[in-house]
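Right, one structure below, let's go through it.
All chains are named by letter (A, B, ...) in the order of the sequence lines, taking the proteins before the strands, and each is independently numbered beginning at 1. Only heavy atoms go into these numbers, but all of them, side chains included; no hydrogens, no water, no symmetry mates. Computed from a prediction, not measured in an experiment: that's the story for all the values here.
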Number of protein chains: 2
Amino acid sequence: MRISYKIWLDHHGKAFGDGPYELLRRVEKTKSLHQGANQMGMAYSKAWRLIRTLEQRLGFPLLERKAGGASGGGSRITPRAKELMRHYGRCRKDVKDTMERIYRRHFSSLAQKVRK
Amino acid sequence: MRISYKIWLDHHGKAFGDGPYELLRRVEKTKSLHQGANQMGMAYSKAWRLIRTLEQRLGFPLLERKAGGASGGGSRITPRAKELMRHYGRCRKDVKDTMERIYRRHFSSLAQKVRK
């Protein structure tokens, strides 16, 4: 037996979570929402709508679109997106470590009784 | 902005969580799965299937059915269900308190910047 969980930030609805975090990390590396979405197995249109929805809920832009040019344009994450990701990444790690500790505190005796 | 989360126990799939916890609490009080399900706005057949699924995943019975008699039968939660509920209830409370602390630790500065 183990504890499972899901966390997200709420602000006028789901405003940030693991999915957007992973997507933005990929956009940060590839400098492209197309490639980031593709790496996640997500349609570009879906990724684009997701980002728009999150931006509306958060009230600040996550991506800067760079149109055209020799490199064919692309997307960069904004400084505020970077700040959000940094906080969220640390928070997520903290939750992970803490959840395992809480689970052991409450279930170490019981978990042994539950058949494997 | 606030942190939201969902926790559950996993053992061969979702084996326990807030929904089953609330359902069993109501069964404990009313001594009836019918009434417990009804209070949750859940069909009896759905509640019954849920309990069966959880019992299979956990590997022990949650309910004892008492057939017929003057009181018309009913359901009691088993001692192991009671033990599970006690541990889960404490764990859930611990998670709630800890989540708020973790959120403040990581987001107190950022949350002020996100428009209300």
Side-chain angles (χ1 to χ4, degrees), chain A residues 1-21 53-62 78-116, chain B residues 1-21 24 54-62 78-116:
Chain A
M1 196 152 74
R2 65 186 176 86
I3 195 164
S4 293
Y5 62 91
K6 199 169 140 60
I7 64 167
W8 64 96
L9 299 177
D10 194 286
H11 196 248
H12 311 298
K14 285 191 183 185
F16 206 72
D18 283 6
Y21 178 77
T53 300
L54 301 182
E55 287 179 338
Q56 282 165 10
R57 290 181 181 165
L58 290 165
F60 60 83
L62 296 169
T78 63
R80 292 193 72 174
K82 201 156 190 152
E83 188 183 12
L84 177 64
M85 287 164 70
R86 196 173 57 242
H87 287 277
Y88 184 81
R90 287 179 190 159
C91 178
R92 187 169 81 153
K93 174 71 171 66
D94 211 351
V95 168
K96 182 174 188 287
D97 296 343
T98 308
M99 279 294 189
E100 282 164 16
R101 208 160 52 238
I102 290 178
Y103 176 72
R104 279 196 303 272
R105 186 184 306 153
H106 294 281
F107 284 98
S108 55
S109 59
L110 198 72
Q112 291 166 7
K113 294 187 196 169
V114 174
R115 70 173 182 211
K116 293 293 179 300
Chain B
M1 195 154 73
R2 64 185 177 86
I3 194 164
S4 292
Y5 62 90
K6 201 171 138 58
I7 64 165
W8 65 94
L9 299 177
D10 194 286
H11 196 248
H12 310 297
K14 285 192 183 185
F16 206 70
D18 283 6
Y21 178 76
L24 287 185
L54 301 182
E55 287 179 339
Q56 282 165 10
R57 289 181 181 164
L58 290 164
F60 60 82
L62 296 169
T78 62
R80 291 192 73 177
K82 200 156 191 151
E83 188 183 11
L84 177 63
M85 287 164 70
R86 197 172 58 241
H87 287 278
Y88 184 81
R90 288 179 189 159
C91 179
R92 188 169 80 152
K93 174 71 171 66
D94 211 351
V95 168
K96 181 173 189 287
D97 296 342
T98 309
M99 279 294 187
E100 283 165 17
R101 207 160 52 239
I102 290 177
Y103 176 72
R104 280 196 303 273
R105 187 183 306 152
H106 294 282
F107 284 97
S108 54
S109 60
L110 198 72
Q112 289 165 6
K113 293 187 200 172
V114 175
R115 72 173 179 210
K116 293 293 179 299

Please test M99(A) against M99(B) for side chain to side chain contact (heavy atoms under 4.5 Å, CB included), starting from the C-alpha separation and ending with a verdict.
CA-CA 9 Å; M99(A) 279 294 189; M99(B) 279 294 187; 3.3 Å; yes
Is it true that a side-chain atom of H87(B) and a backbone atom of F107(A) form a donor plus acceptor pair closer than 3.5 Å?
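Not confirmed, H87(B) side chain does not pair with F107(A) backbone.
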Which bit of R105(A) comes within less than 4.5 Å of chain B, counting heavy atoms only: side chain, backbone, both or neither?
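Just the side chain, heavy atoms under 4.5 Å.
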Which portion of T98(A) sits near chain B, non-hydrogen atoms under 4.5 angstrom:
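T98(A) touches chain B through side-chain heavy atoms alone.
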First locate atom CD1 of I102(B), then atom SG of C91(A), and finally report the distance between them rounded to the nearest 0.5 Å.
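Here the rounded value is 6.5 Å.
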To the nearest 0.5 angstrom, please state how far the NE2 atom of H106(B) sits from the NZ atom of K93(A).
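It is 10.0 Å, given to the nearest 0.5 Å.
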Work out which heavy atom in H11(A) is nearest to a heavy atom in M1(B); give both atom names and the distance.
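Reported closest heavy-atom pair: CD2-N, 3.2 Å.
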Derivation and outcome, side chain to side chain contact (heavy atoms under 4.5 Å, CB included), residues R2(A) and L9(B):
CA-CA 6 Å; R2(A) 65 186 176 86; L9(B) 299 177; over 6 Å; no
By ring pair (Phe, Tyr, Trp, His ring centres under 6.0 Å) - contacts of F16(B) (at least two apart):
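In terms of ring pair (Phe, Tyr, Trp, His ring centres under 6.0 Å), with neighbours along the sequence ignored, F16(B) is linked to Y88(B).
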If you tally heavy-atom pairs under 4.5 Å against chain B, which of I7(A), V95(A), D10(A) wins?
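Ranked by heavy-atom pairs under 4.5 Å with chain B, first place is D10(A).
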